[in-house]
Structure formats: structure tokens, C-alpha cells
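A quick write-up on the structure given underneath.
Chain letters run A, B, ... following the sequence lines, proteins first, then strands; residues in each count from 1. No hydrogens, no waters, no symmetry mates; every other heavy atom, side chains included, goes into these values.
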Amino acid sequence: MSLEDQRPTIEELEDKARVLRRHIIEMTTEAGSGHPTSSLSATEVVTAIYFGGFLNYNAAEPDWTERDRFIMSKGHAVPALYAAMAEAGYFPVEDLATLRKLGSPLEGHPNVRRLAGIEASTGSLGQGLSIGLGQALGCRIDGLDSRVFVVMGDGEMGEGQVWEAIATAHKYQVGNLTAIVDQNGYQQTGATSDVLDLTPFAPKIESFGWHVQTINGNDMSEVVSALETAVDITDRPTAIVAETQKGFGILPVLEEAGDMNFHGQALPAEVAEKALAHLG
Amino acid sequence: MAIGDKSGLSPGGATRDAFGKALETLGERFPEVVVVDGDVGNSTRTEAFATAFPDRAFNVGIAEANMVSVAGGLASCGKTPVVASFAAFLLCNAYDQIRMSVTFPAQNVKLVGSHSGISIGEDGPSQMGIEDVALACSLPGMTVIVPCDEISTGKATEEMLQREGPVYLRLGRPAVPRIYEDDSEFVIGRANQLRDGDDLTIIANGLMVAVALDAAAELSDQGISARVLDMHTVKPIDEPAVAAAARETQAIVVAEEHSANGGLGSAVAIAVSRTTPVPIAYVNTGDCYAESGDPDGLLEKYGLTSGRIVEAARSVKAN
């Protein structure tokens, strides 16, 4: 049975996304730090890739040679990835409560040396796409049809290295690489449009010879449909510009708390409680 | 008088040429080796490998950051990427990529920096890697090798490919004297004693090994007996060899084609102070950038001569 045949319904994936969101809020509030809102914007994308039948993996054998690879290039959004990995069986869900604590492999940013199933150590922005490109080329040399998914932030697109990788992926016609830009519109000090506006991303990336789709990245059916299109393209690299909202899923709670960005901080316990209640 | 004349060394080729030749030769034996080039393959000499194994060579253009991270990705798929560029561009331009995509995840990437030091000559300071050894040594888990001649470079290339984990191999542009024979031993992390002596030890690497042997010949004429160690591996440094030199000769001169801070001098100073504190003198390019000019003139002007080693030796003995 192919991965595609096992694809859950959109409703099932939405339910899974809700579970991931609860984990994200609980683990970061427990840790007392982290980037919950940056994780929440990417939750549909991460959920669809891990549970929508797009990523070929084996949690019991994380280094399985023929696996697909997922890289969280915006490493600060790793709570979304940890939540997915826990749900996928890489480690017990209870371990999420150890996020950022001394001795825990669930570090503040992903570390390949600490946690099996992490494909790239990230946290210095701009390198994940290049690493993913190297992995896509490595799989190609070995005749594997493994696909590499890389999730980047829109603020991260300010790193010149991202565009070096985009150009090089085109040069080598890397057909097994899919980049997702989580365009949540905010970065550390404010709106991405104010800090360094690189939008619109689609025509820029397209001009490098990539196949690009722009979608509502918090709409599960759009995410699934875009991923379906992307994985069918094997003659060139593909990008999905996922227009999202930072903190999606708990926006009214953030509004009430008076900070729609909430960058780089855990929700205080009382806000987290409201957020969890809002998620249901 | 050319480098190596005083000590009777025969002329040899450039270490970058020896590396390029060795890499091409070893390509068959090491099928996992791939080359990632930043469009300087004809300078770093990876070109021969790329011609012989076109499917295993990637020229990613003038984009060192991407070059290094792509290599990290290839390594995570079980490849052994050899990334070659000018020492200055590789270490300085892509330092964070080496940190995040290579050493932090402990990927098996081999970094090769050619055109190190001031002996590249006329192209000038922007092209001169004089900080690269310090930068490479600062990265946890990095092995740092600075070979001195063609033969040891060929062996270093082979050992580098056999060794698991990140390695930085530093190469030079000009032809350098031949120090070793084909059957000489080269082991990463083990210094080679090229000359024995009782009065002091000159510890050198790269181009400065031949200069050190010249200095030892001069010192011998002056009645001073100098031991010479080729410390081709800066990290991990051969601490037992340094300690023995300190204990047995009671004075050390360190000679390297690198800035004053963070290179071989610093590594030797740490090893000496940890084991057998003795006076140390340093011969290096100091705390400055050099300039354009002919290589011999630059080495003279910036103090990388046997005369300067002799002066340093006499001063350190007088302490």
C-alpha cells in the first residue's frame, strides 16, 4: 500500500494539527521559553507532511536509508517538529515536557547529535535549504527517489544563502527537493514587510526555474493539495509559499493578550490555559 | 638564495598540486568521495577529480556559504564531500556554515583551503588566508592539518579521507622544497622529527618547515644544535612530542605562515604550559595584513625567513 493510499481525510489531519498545537503550547509554556507562535503558523504544513502520507519514514529506524527527509530550517519552530515526531512515535509524548531542559535531547533548536530523526541542526537561519539540497543530491547519486522537504521562514528569506541554494537547485535540476516558505508575516522585531520586504516570493523563486505554488498555509486542504502537486513534479525543484498567520489557531487569545507577534516567548500560564481552551 | 638551499633540500612542487593529484588518484578507492567547488577548481586543483568523476563533482558557483552547507547535506547521506576553495574564502566567508552544517552536527566533510598564507604573492592580502588555522582550530571536533611538501600532502589527503569527521587541510600556492621520501611516515596527530638537537626545538609547519631546516643549518654553523619538528597537525597537536622537546631542549621556537594569534604558536604554547613550561619565541606574520608583492620579497618583509628563526632561537636561548 502506498503512502498516498493511507492518506487520512482533511478532517483527520485537522484533528492531528489540533493535537500538535496543544503540544506546542504546553511544551513551550512548561519550558518557560521558545517560539510557540512561529511553530503554530507552520503546524498545518508539518502535520500534512508527517501524517498526510507525504513523508516516507520509519520512527523505529530513523536512519533508514530510503527515507524521505524533513528539515526545519526555521529552527526556532522546532516545537512543531517535536510535536509531530512524538505523535509519529520517535519518542514518548511525555518527553515533550522536557523541552529546553538540561539533559533533554529536545533542545531549543534541532540538534542531529541529540535526537534521532532530526535531519539537520538548524538555528542559524538560512542553511537548511542548502543542507536539504546536499541531501537531495546525495540521494540522487545513490539512485534513491527520496524527497527532501525544507520549511523556511519568510524572515529567513533575507539570508543570501537561501538564494544561493535556490539558484544551485535549479542548476542541478533537483527534482526531489521541496521548499515551503512559512510566510507568517512577522519576524523578531516586527512585520516582515517593515524589516526587509522580499514579497512577493513566488515570482522571485519562479524566476530561478522552480515550480512555485502560493497557498493559504493554514488551510489543510490547500496544504495537502499543494503537496500532492509538488511531489508529482520530479524534473525540477518545487516551492510552496504558504501564507500563514503567526499564532494561527489561537489568534483571538493573542489579540486579547495584546501581542499578535509574541515572538520568541512562551505564553504565560494563564494565556496558555485560554489558548488550550480555545483549541478545544 | 632559495628556501631549502641552506639545508640542501631539493626543489619540489606546490602542496595544492600534490593534493589535486592525490584526490584524483584516490577517487576510485574512495567511491563515497564527492567534490563541492566554489568555481576555483582550477586553482585548488580539484579539477582533475571533477574531470575523472563528473557525476561526483559539483561546482555551485561563487557561493561559499551554500557550498559548505551542501557538503554538510551530502555528508549526512553518507558521502565524503571534499570542499575546496581559497583558505581565506572557505574559513572566513563560510565560517558559520562550517560551524552549523559541518562541525556542530559532526559531519564527515573535508575542507581544503588552498592559497594560504602570504606566499601567494601578487594577488594581495584579500586573497591571503592568515586567520584560517585559528578559525579552524576554534571549531570543536575539527582536525587541522598543514602539510609542508608534496609527499606529505599526498599522504595527508589519503589519511584525511580515511579519517571520520571534519578535517581542515591547509595548502599553499607556490612550489616548496621536498622534505620527505616516498616511504616517509605520515600519521595525523603525530609530529615528524626531521632533525635532532639538544639546545632548542624549532616547531614548524607548511612552508616554514623548509625555512626551519635552513635555520637549523645556520644555527649549527654557529654551534647551536636545533631539533626540528614538522608539526603538520595543529589539532589535535602532538602534545607528547611538544613536551619531550620542551623537556629535552628547554627552549622552543614556533614558525608558521599565519597571523600571531590562534595558530600553531598558540597550540604549542598551550601544550608547553600544560606539560613543561619553557621559554617560547614565535615567528609568524604578526598582527597585521601583508601587501601585494613577489612571494620571496613578502616572506622577507614580513619576517618569515631562516634569519628571523635564527634570531628568535638566539633570543629564546638567552632567556
Side-chain angles (χ1 to χ4, degrees), chain A residues 62-71 73 75 107 109-115 117-144 146 148 150 159-174 176-177 208, chain B residues 27 30-39 50 53-83 85 89 93-111 139-141 164-166:
Chain A
D63 292 335
W64 174 45
T65 312
E66 288 166 41
R67 72 191 184 279
D68 294 329
R69 288 164 171 80
F70 177 89
I71 292 174
S73 189
E107 297 199 9
H109 292 79
N111 181 345
V112 295
R113 296 173 74 179
R114 297 295 305 281
L115 187 61
I118 293 291
E119 298 287 0
S121 295
T122 56
S124 178
L125 292 170
Q127 300 189 29
L129 188 59
S130 299
I131 295 169
L133 169 58
Q135 292 177 347
L137 289 168
C139 291
R140 187 160 90 180
I141 292 172
D142 288 339
L144 301 170
S146 303
V148 183
V150 181
E159 294 279 6
Q161 183 180 353
V162 171
W163 301 95
E164 297 177 2
I166 289 173
T168 309
H170 169 252
K171 172 181 174 179
Y172 289 104
Q173 293 292 300
V174 179
N176 55 340
L177 179 66
F208 283 88
Chain B
F30 293 90
E32 298 307 333
V33 168
V34 295
V35 160
V36 189
D37 169 31
D39 202 38
F53 308 97
D55 297 338
R56 290 159 55 190
F58 304 95
N59 179 355
V60 300
I62 305 166
E64 288 81 10
N66 183 51
M67 171 180 76
V68 169
S69 296
V70 164
L74 283 159
S76 72
C77 291
K79 302 296 161 203
T80 308
V82 174
V83 185
S85 185
F89 309 144
N93 196 333
Y95 184 78
D96 185 46
Q97 284 71 26
I98 297 173
R99 181 180 77 102
M100 283 300 298
S101 300
V102 179
T103 51
F104 175 43
Q107 296 295 358
N108 190 31
V109 174
K110 312 308 178 190
L111 302 152
L139 293 157
E164 184 65 30

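For residues 129-139 of chain A, the set of pairs meeting the salt bridge (Lys or Arg N to Asp or Glu O under 4.0 Å) definition, not counting sequence neighbours, is empty. The stretch residues 126-135 of chain A participates, sequence neighbours left out, in no salt bridge (Lys or Arg N to Asp or Glu O under 4.0 Å) pair at all.
Interatomic distance, B:Lys79 NZ to A:Asp142 CG, rounded to the nearest 0.5 Å: 3.5 Å. The CD atom of B:Glu64 lies 7.5 Å from the CD atom of A:Glu164; values are rounded to the nearest 0.5 Å. With values rounded to the nearest 0.5 angstrom, A:Ile141 atom CD1 is found 4.0 Å from B:Phe58 atom CZ. Of the inter-residue distances, the one linking A:Ser130 atom OG with B:Met100 atom CE reads 12.5 Å to the nearest 0.5 angstrom. Atom CD in A:Gln127 sits 11.0 Å away from atom CZ in B:Phe104 (nearest 0.5 Å). For the atom pair CD (A:Glu159) and CG (B:Asn66), the distance works out to 12.5 Å, reported to the nearest 0.5 Å.
Most heavy-atom pairs under 4.5 Å with chain A, from the set B:Gly72, B:Ser69, B:Ala65: that is B:Ser69. Note on A:Leu137, A:Leu133, A:Val112, A:Val148: by heavy-atom pairs under 4.5 Å with chain B, the leading option is A:Leu137.
Taking B:Phe53 as the reference, B:Phe49 meet the ring pair (Phe, Tyr, Trp, His ring centres under 6.0 Å) condition, with sequence neighbours excluded.
Of all residues in residues 32-39 of chain B, those placing a non-hydrogen atom less than 4.5 angstrom from a non-hydrogen atom of chain A are B:Val34.
With a threshold of 4.5 angstrom between heavy atoms, B:Ala71 does not approach chain A through any atom at all. Neither the backbone nor the side chain of A:Ala120 comes within less than 4.5 Å of any heavy atom of chain B. With a threshold of 4.5 angstrom between heavy atoms, A:Thr65 does not approach chain B through any atom at all.
Across B:Ser101 and A:Ile131, no two heavy atoms sit closer than the pair OG-CD1, 3.5 Å. In plain terms, the two heavy atoms of A:Ser124 and B:Arg99 that are nearest each other are CB-NH2, 4.1 Å. The two residues B:Ser76 and A:Arg69 have their closest heavy-atom pair at O-NH2, 4.4 Å.
Of the possible polar contacts, one joining the A:Lys171 side chain to the B:Asn59 backbone as a donor-acceptor pair under 3.5 Å is found.
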